[in-house]
Amino acid sequence: MNSFLLGAEQQQMANVSATGLAEYAWLMVVIPLLVSGLLLVCGRVTDKWGHWLAVAASWSSFLIGFLIFCQMIAQAPAERSILAPVFTWFKAGSGNEQISLSWNILLDPLSMTFVLLVTFVGSLIHVYSVAYMEHDPNRRRFFAYLNFFVASMLTLILSDSYVALFFGWEGVGLASYLLIGFWNHELPNAVAAKKAFVMNRVGDLGLLLAMMSMYAEFNSMKFVDVLGASRSGDMSAGWATAIGLFLLLAACGKSAQFPLQAWLGDAMAGPTPVSALIHAATMVTAGVYLIVRSGAIFVASPTARLCVAIVGAITLLFGAIVGCAKDDMKKVLAASTMSQIGYMMLGAGLGPIGWTLAIFHLFVHGFFKAQLFLGAGSVMHGMNEQVNMRRFGALRQVMKVSWICFGIAWLAILGIPPFSGFFSKEPIIAAAFNAQAFGTAGAWIFGLVAMIGAGITSFYMSRLFFMIFHGEQRWTTQFDGGSDVHPHEASWLMNGPIVVLSVFSVAMGLVLGFTERFNQWLEPVTGTLEATKDAVVLSHTAISAITLVLVLCGLALAFLMYVRKPVPKVAPASNVLVEAARLDLYQDTVNESVAMLPAQLLTIGVGGADRRVLDGIIRGISWCAGAIGRAVSHVQNGYIRAYASYILGGVLLALILVVGSQLV
C-alpha cells in the first residue's frame, strides 16, 4: 500500500442518513432544472418575467444549500457525510446477479464547498446577466440555459456514483455548447461551440472507459465501493493506473488542461456572463473535483498521480505564456483560467498534501475570476463591446468603480498579501517544493515551475490591468475605421455583483487563510495528512519571499512596458516566442496535424476505396452480366431453322453422353 495512506485519518467516512433539510437536498437540482424547462417550453410568453424567475431559482438553490451547510456545521465531523436517497433508477436480475442503480445525493464537505461556490457565484452572475442581456431578444432562452448549467453542475457534484456524475458531466458539456454558441448566427461563434463540444467528447471517452474499468473490476461504480477498494488495498496498481489515467483524460477535456486545452480560448465567443460561469463556478472546475473526489485511486497509483502533476505543471506555464501575448481582453482571462486550473491540478497531483490546497485555491479563484470576467463585461459595455486592449487605456478616469473592483481581483490573482489569492496559491507552490510526493528532483522541478508561473502570471495580468485602465487614451473613433466610444459605468445590476465579489476577494483570505478552518472542514474527505518538514527542499519563508519578489518583478516590468511607454494601437511584429504565443503556441496547428489531418486522409482513402474498389467491383459484375446478355442475345434471332439446329445439337450431345457413359 502506498505510504500516503497513513492511519485512520484516511479511512473512508461512513455515510449517515439524511435528516432535516438535508432530506430535501434534491430541490437544489430540481428547482433550476424545472425553471429551465418551463422557460423553454413556454417560449415568448415568459419573455417579460422569465429572467427573474431564473434568478429566483438560482438563489433558491443557494438558500437551500446554505441552510444544509449550516446544519452540517452543527454536526460532528464524523457525521458530515450524508446520503439522501432520491429514487431507484432500475433493477435487473435476481439474487447475487441483481443489478440495482439508485440515484442518491451525497452531502459531504467537498460537495457542499462546491454547492456554495456554484450557487452563490452563479446567482450573482444571473443578476448581472439581467442587465447585460437586457436588449437581447432571446434573453429568456439565455436564462433557461443558465439554469440548466447550474442544475447540471449540481448534479455532477452531488452524485454518489460515477454513473450519476456522468449525467451531470454531460449536462455541463451540453450547456456550455448551447451558451458558447448562443449567438450562433455568427459563424465563428458556432464553430467555437462545436470545437468545445468535440474536444470535450474526447475527455468524456476517458470517463466512460474509467467507469467500464471500475465495473469490470469491482462490479460497481459507486464512490463508496470503488474508493473503498482503493483505500483498503483491494485495487491492484495496474487497475489503479488505468482508471487514474482515464479519469485524467476526462479532467483534461472538461478543465481545458494540456493537451485538450485548445477549446477554452475560443469559448470566449459566448456572452461574457457565460465566460464567468464556465471559468469561475462550473465547467472548468469539474475536472479538479473529479481528481480530488477520486484521490484514493491516484494514491494507489503513483504513476497516474505523477501524470496529473505533470499535466498541471505544463498547463500552468502554457496558459501563462499565451496570456502574455494576447490583446483580446477575454482571451487573456481565458489563458489565466487555464493556468490557474493548472495550479489546482498540480496541487491535486501532489496527493493528500495538496488536495485541500487545490480545493481552497479553486474556491477562492471562483470569486476573483468571476469578478474579473464580469469586470471585463462592464468594460465591454462601456466600450461598444470592444475587447482589444490596445484600443483602451485611461479608463480609470471614467470608470472608477470598475477600476477599483478590477484592481482588487487583479491583486488577488497576483497573490499579493493580504488578498485572497496569496493565501490559496502560495501554499500550493510551497507544497510543490516538498519531496514527499515525488522526491527531491520532483520537488525542485514542480516547485520552480509553480514559482516561475507566479511571476509570469503577475506580468500578463498586470499588462491586462494597465492596458485597460492606465496609460494614454487609445479609444477608437470614426476616423480610424472604428466608431466613437463614450466609456461609462454600467448600471448597478451589473456593478452590484462585482462589488459583492470584491468583498470576498479581499476578505476570504483574511478569514480562512490565517486559520485552519478550511482544512478542518475538508478533513473528513481529504484526510489530515500534512507535509513533513524534513521533506521540504526549500524553507517556507524563502519560498514566500522569492515568489513575492518574482510577482513584484512581473508587475514592475508590465508597468514599465505598458504605462511608462506608449502602447501601439496595432500589435507590432515581435520575436518568435511572442508570435507563437499570439497563435496559442500553435495548439490548433498541432491538433489539426495530429488528429484532424489523419482523419481527413483516412476519410479520403476510404472514399477513394469506396469509389474505385467497391464501386469498381459492382460495375464489373454489371458489365459481365451485360456482356453475357449481349452474347446470348445473338442466338435469339427468330429463325425456326436456327432453333431446330439448337435442338438437334442438344439431342446429339445428349446421345453422345449416354453412349459414352455406357462404354465406360
In terms of ring plane angle, is the pair F223 and Y162 parallel, tilted or perpendicular, where the classes change at 30° and 60°?
perpendicular
Does the side chain of T476 come under 3.5 Å of the side chain of Q386 through a donor N or O and an acceptor N or O?
yes
Lys/Arg cation over aromatic Y145: R141, 6.0 Å, 45° cone
no
Just so I know, are the side chains of L333 and L464 near enough to count as touching, which here means a heavy-atom distance under 4.5 Å?
yes
Hey, is R201 close enough to E170 for a salt bridge, meaning N to O under 4.0 Å?
yes
Out of the candidates H279, H361, H365, K369, only one should pair with Q340 under the side chain to side chain donor-acceptor pair (under 3.5 Å) rule; please name it.
H361
Salt bridge (charged side-chain N to carboxylate O under 4.0 Å, His left out) partner of D327, the single match among R391, R474, R463:
R463
Using every non-hydrogen atom in the two residues, find where P497 and V127 come nearest and quote the distance to one decimal.
CG-CG1, 4.1 Å
Would you indicate whether F182, at its atom CZ, is surrounded by more than 12 heavy atoms from other residues, nucleotides or ligands within a distance under 6.0 Å?
yes
Heavy-atom closest pair (I498 atom, C405 atom, distance to 0.1 Å) is CG2-CB, 3.5 Å
Taking the inter-plane angle between the rings of W444 and F433 on a 0 to 90° scale, is it parallel (under 30°), tilted (30 to 60°) or perpendicular (over 60°)?
perpendicular
Strictly below 4.0 Å, N to O, side chains only: are R582 and D328 in salt-bridge contact?
no
If I compare all heavy atoms of L362 with all of L117, which pair ends up nearest, and what's the gap?
CD2-CD2, 3.6 Å
Once the angle between the rings of F466 and F559 is folded into 0 to 90°, is it parallel (under 30°), tilted (30 to 60°) or perpendicular (over 60°)?
perpendicular
Please state whether the rings of F258 and F318 are parallel, tilted or perpendicular, taking 30° and 60° as the class boundaries.
tilted
